[in-house]
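All values below were derived from every heavy atom in this structure, side-chain atoms included, with hydrogens, water molecules and symmetry-related copies excluded. All figures in this text were calculated on a predicted structure; none of them were measured in a lab.
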Amino acid sequence: MKTDTDAIERLGREIAATPSSGKRRLVALAGPPGSGKSTLATQLASSIERAGRRAEVAPMDGFHLDNGLLTARGLLHRKGAPETFDLAGFARLVTRLKDEEEVIYPKFDRDRDLAIAGAGVIGPECETVVVEGNYLLLDAPGWRDLSAHWDFRVYLDVPEEELTRRLVGRWLAHGLTWKDAEQRANANDLPNARLVASALVGAPITRLSAA
């Protein structure tokens, strides 16, 4: 992912200077699947620290529903869509991050395609949490309620042609054939990406572009 380094540094300074509505400042970093949110979140947290605020990253992906549960619900083929996450559990995490001294949360192991409970921790020294996930700014029932918790909102834009290339490459890396990788990207990932881009809620939203 290529995002302007100077823009990230400026954004880090702006976030560090933003008042917090709780014990911690919460930054929502949203964008479509394959946009490079995880990389940007790490870069942004480092930039915030250089601006003088302790920062950590908390991904939303630890709240993926397990494949067994998705299979039972007929949703495995839609994994990654809004309805395949534990939204209620994630919302509780966001609420806890605002004010609790220590917050333990699940992480997602992409290689094993499963969530691991209790794998991450945000300690009392952390002043800013960069929360990253596809649907943090989604204007849809339940998801839109998250917007009240964000002190700062960032959206990562990537052209659809580039997204397609990345998403197909992701599935190829998981051992799929080219045909199956294209099918997975076109049938699920890209519709999710279009949903993310078409229904944003909350203001202001700072947009970053990556290519």
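Sorted by first and then second residue, the ring pair (Phe, Tyr, Trp, His ring centres under 6.0 Å) pairs with a member in residues 27-70 read Phe63-Phe90, His64-Phe85, His64-Phe108; sequence neighbours excluded. The side-chain hydrogen bond (donor to acceptor under 3.5 Å, both in side chains) analysis of residues 131-140, with sequence neighbours excluded, yields the pairs Lys37-Asn134, Ser38-Glu132, Asp139-Arg144. Pairs engaging residues 185-206 under the ring pair (Phe, Tyr, Trp, His ring centres under 6.0 Å) rule: none recorded [sequence neighbours left out]. Judged as a salt bridge (Lys or Arg N to Asp or Glu O under 4.0 Å), the pairs with a partner in residues 73-84 (not counting sequence neighbours) are, in order, Arg78-Glu83, Lys79-Asp113.
Residues meeting the salt bridge (Lys or Arg N to Asp or Glu O under 4.0 Å) test with Asp86, sequence neighbours left out: none. The salt bridge (Lys or Arg N to Asp or Glu O under 4.0 Å) search around Arg53 returns Glu127, not counting sequence neighbours. Applying the salt bridge (Lys or Arg N to Asp or Glu O under 4.0 Å) test to Glu100 and every residue at least two apart in sequence or in another chain returns Arg96. Residues passing the salt bridge (Lys or Arg N to Asp or Glu O under 4.0 Å) test with Asp145, sequence neighbours excluded: none. With sequence neighbours left out, the ring pair (Phe, Tyr, Trp, His ring centres under 6.0 Å) criterion links His77 to no other residue.
Atom CG of Leu195 is separated from atom CG of Leu138 by 5.0 Å, given to the nearest 0.5 angstrom. Here Glu160 contributes atom CD and Arg194 contributes atom CZ; the two are 4.0 Å apart, rounded to the nearest 0.5 Å. Here CG of Leu136 is found 10.5 Å from CG of Leu26. Values are rounded to the nearest 0.5 Å. Distance check: Thr18 OG1 to Phe152 CZ gives 5.0 Å after rounding to the nearest 0.5 Å.
Through direct or relayed side-chain contacts under 4.5 Å between Ile, Leu, Val, Met, Phe, Trp and Tyr, Ile104 connects to Val121. Under a 4.5 Å side-chain heavy-atom cut-off, the cluster of Ile, Leu, Val, Met, Phe, Trp and Tyr residues that includes Leu172 is completed by Val168, Trp178. The other members of the hydrophobic cluster of Leu65, by chain and number, are Leu69, Leu70, Leu75, Leu76 (side-chain heavy atoms under 4.5 Å, ILVMFWY only).
No donor-acceptor pair under 3.5 Å is formed between the side chain of Arg184 and the backbone N or O of Asp189.
Residues Thr128 and Arg25 bring a donor and an acceptor atom of their side chains to less than 3.5 Å of each other.
Leu44 and Ile8 make their closest contact through CD1-O, 4.1 Å (heavy atoms, listed as atom of the first residue, atom of the second, distance).
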